[in-house]
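Written below as structure tokens is the structure these notes are about.
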Amino acid sequence: MSQQRCIVVFALVCCFAILVALIFSAVDIMGEDEDGLSEKNCQNKCRIALVENIPEGLNYSEDAPFHLSLFQGWMNLLTMAQKSVDIVSSHWDLNHSHPSACQGQRLFEKLLQLASQNIEIKLVSDVTADSKVLEALKLKGAEVTYMNMSAYNKGRLQSSFWIVDKQHVYIGSAGLDWRSLGQMKELGVIFYNCSCLVLDLQRIFALYSSLKFKSRVPQTWSKRLYGVYDNEKKLQLQLNETKSQAFVSNSPKLFCPKNRSFDIDAIYSVIDDAKQYVYIAVMDYLPISSTSTKRSYWPDLDGKIREALVLRSVKVRLLISFWKKTDPLTFNFISSLKAICTEIANCSLKVKFFDLERENTCAAKEQRNLTFPRLNRNKYMVTDGAAYIGAPPSPGEGDMGSDVHITQHGGHPESRECCLQRPWSSRCGHPAS
């Protein structure tokens, strides 16, 4: 009799354990921060706007199109905030005595104001950031997570994105740094009323937050951190009343749970799908991955560009930043790339270096500042059917970054092209010899 009771008790305990596991599995799938948001009830009719910072002294032609300023775009998002503001940034330096730092100071004051109004503020930063801005916001009640990338790999946090009220998104090259609002040329994109995209991007934010007290990456990721959309299953949405597709990729591969596209694979897909042209703007073009101890050859992206040129006769334009830290090997790789078009018909490659400091020599004396040089930090790519915008990581797979990929059916391709055409045609763009 007692043996039968033991069997019954054991069976009940097993059933209870299974039930608890199922309950937690269901919670795991839903996610603790999604507020009931799902693919069935999220908003996919969105408004989109490009935002950019143009450093003082950089002048385009009068007929060139202009976009919303980065500062105004960020301030608009903070003004709209009613419940929450989530920000991931590698830099947190908004206060400085430099004349161009006033916009950063105004942004900092707005964040402090929101924190004092009991709006939930969650911030993610690289652990190397020694920021008085973060400390001041913590004192006002903001939750700050520091990412110690050195505990996982040799890279750094390079992501830059915002989520406001689980409705609006910013993603781009600019960090929370006064130089991004003054000295740097930056480009990003804001999605308004686009909770379907938030549903996916929020999971990357949750992934970062989940590592707060961990010294290593888990062997298996929680299901609530799986990607919602990827390169195979893109989000179907309308952007400014144009049918479009979008998804968010991440890097390095170590931080890509199931259904999350790896950034490099997504970039390759954009190039492979191009039929007419590929325009690329990057801060550095160097097929070498460098760490403090070694250098390794990283030819993948360079190889994809060569394939597009030689095998598919796709027109390629490269706009590369030139600054004091540009590696001299860059010119060797560019010469090698240009050489393949010398004997091949229908091979169209043009390369320019974008040098803001060269133009700065012509600026008024009070505008020059060699301590804080101006720099083109953009990282984007446009083709005849897609656009890609993100933060500027180093070559290889070490840095952590999140990027958005957009495919449009119809619309106005010239609006995508102008992102590269304006700097390309400006006096800061110099052909590679």
Side-chain angles (χ1 to χ4, degrees), residues 27-51 73-74 76-89 111 114 119-124 142-143 145 159-172 174 176 188-210 221-231 233-240 242 244-250 255-261 263 266 387-391 400-407:
V27 171
D28 204 23
I29 293 171
M30 283 298 297
E32 61 184 17
D33 292 320
E34 292 177 1
D35 294 333
L37 199 61
S38 70
E39 293 180 74
K40 294 181 179 179
N41 62 16
C42 64
Q43 172 70 288
N44 66 353
K45 293 183 179 179
C46 318
R47 186 165 63 88
I48 186 174
L50 286 173
V51 290
W74 280 355
N76 289 349
L77 286 175
L78 294 182
T79 301
M80 296 167 69
Q82 297 179 352
K83 296 179 180 178
S84 63
V85 175
D86 301 337
I87 301 177
V88 176
S89 175
L111 284 167
L114 292 181
I119 289 178
E120 184 181 55
I121 297 180
K122 295 182 180 180
L123 312 172
V124 175
E143 179 183 321
T145 297
S159 294
S160 179
F161 66 81
W162 297 32
I163 301 172
V164 175
D165 286 347
K166 305 293 191 290
Q167 292 291 322
H168 318 296
V169 165
Y170 160 81
I171 190 165
L176 268 288
V189 61
I190 293 178
F191 298 82
Y192 299 97
N193 300 314
C194 208
S195 57
C196 286
L197 188 64
V198 168
L199 181 66
D200 198 25
L201 191 58
Q202 189 71 44
R203 296 198 175 191
I204 294 181
F205 190 90
L207 184 148
Y208 293 171
S209 299
S210 73
W221 292 103
S222 163
K223 292 179 181 178
R224 71 171 181 268
L225 303 179
Y226 288 2
V228 182
Y229 309 104
D230 60 13
N231 194 31
K233 179 194 172 186
K234 298 182 177 71
L235 167 62
Q236 306 294 321
L237 74 170
Q238 288 190 20
L239 298 175
N240 297 348
T242 297
S244 309
Q245 298 174 321
F247 67 96
V248 179
S249 62
N250 203 31
F255 294 92
C256 292
K258 185 178 179 181
N259 301 331
R260 174 66 62 207
S261 291
D263 183 39
Y388 159 88
I389 297 176
M400 177 183 280
S402 302
D403 310 287
V404 65
H405 305 253
I406 304 167
T407 304

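- In this structure, Ile163 and Gln202 have side chains that are in contact, with non-hydrogen atoms separated by less than 4.5 Å.
- Taking NZ from Lys234 and CD1 from Ile406, the interatomic distance works out to 12.5 Å, rounded to the nearest 0.5 Å.
- In terms of heavy atoms, His405 sits closest to Ala266 at CE1-CB, 3.2 Å.
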As a quick check of understanding, evaluate side-chain contact (heavy atoms from CB on, under 4.5 Å) for Tyr229 and Gln245, giving each step before the final call. CA-CA 10 Å; Tyr229 309 104; Gln245 298 174 321; over 6 Å; no

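- Here the side chains of Ile87 and Leu111 are in contact, with some heavy-atom distance below 4.5 Å.
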Using the rule given for side-chain contact (heavy atoms from CB on, under 4.5 Å), can you reason through Cys194 versus Leu237, listing the C-alpha separation, both sets of side-chain angles and the distance that settles it, and then say yes or no?
CA-CA 9 Å; Cys194 208; Leu237 74 170; 3.7 Å; yes

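- Although no hydrogens or angles enter the test, the distance criterion places a donor-acceptor pair under 3.5 Å between the side chain of Ser195 and the main chain of Gln43.
- Note on ring orientation: taking the six-membered ring where Trp is involved, the planes of Trp74 and Trp162 are parallel (angle under 30°, cut-offs 30° and 60°).
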| request: Decide side-chain contact (heavy atoms from CB on, under 4.5 Å) for Val189 and Ile171; before the verdict, give the C-alpha distance in whole Å, the side-chain angles of both, and the deciding distance to 0.1 Å. | output: CA-CA 6 Å; Val189 61; Ile171 190 165; 3.6 Å; yes

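- The shortest distance between side-chain heavy atoms of Val404 and Phe191 falls below 4.5 Å.
- Closest approach of Leu207 to Leu225, counting heavy atoms only: N-CD2, 3.5 Å.
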- Please report the C-alpha distance between Met80 and Tyr192 in whole Å, then the side-chain angles of each, then the deciding distance to 0.1 Å, and finally whether the side-chain contact (heavy atoms from CB on, under 4.5 Å) criterion is met. CA-CA 10 Å; Met80 296 167 69; Tyr192 299 97; 4.0 Å; yes

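- No side-chain donor-acceptor contact under 3.5 Å links Asn76 and Tyr170.
- One distance of note links CD1 of Ile204 with SG of Cys256; it measures 8.0 Å at 0.5 Å rounding.
- Checked by atom type, the side-chain pair Ser261/Asp230 shows no donor-acceptor distance below 3.5 Å.
- Residues Asn231 and Phe247 form a side-chain contact, since some pair of their non-hydrogen atoms from C-beta on lies under 4.5 Å apart.
- Side chain of Arg260 to backbone of Val248: a donor-acceptor contact under 3.5 angstrom is found.
- Annotation for Phe255 and Asn250: closest pair O-ND2, 3.1 Å, computed over non-hydrogen atoms.
- In this structure, the side chains of Val164 and Gln82 stay at 4.5 Å or more apart for every pair of heavy atoms.
- SG atoms of Cys196 and Cys46 are separated by 2.5 angstrom or more, inconsistent with a disulfide link.
- How far NZ of Lys166 is from OG of Ser84: 3.5 Å, rounded to the nearest 0.5 Å.
- Under the 3.5 Å distance criterion, with hydrogens and angles disregarded, no donor-acceptor pair is assigned to the side chains of Tyr388 and Ser249.
- Among all heavy-atom pairs drawn from Gly390 and Asp403, the shortest one is CA-OD1, 2.8 Å.
- How far OG of Ser402 is from CZ of Phe205: 11.0 Å, rounded to the nearest 0.5 Å.
- Between Lys223 atom NZ and Arg203 atom CZ the span is 12.0 Å, to the nearest 0.5 Å.
- Residues His168 and Val198 approach most closely at N-CG2, 4.2 Å, considering heavy atoms.
- Leu235 is not listed as a side-chain neighbour of Asp200, based on a closest heavy-atom distance of 4.5 Å or more.
- A pairwise comparison of heavy atoms in Asn41 and Gly36 identifies ND2-O, 3.0 Å as the closest pair.
- Here Glu120 contributes atom CD and Asp165 contributes atom CG; the two are 10.5 Å apart, rounded to the nearest 0.5 Å.
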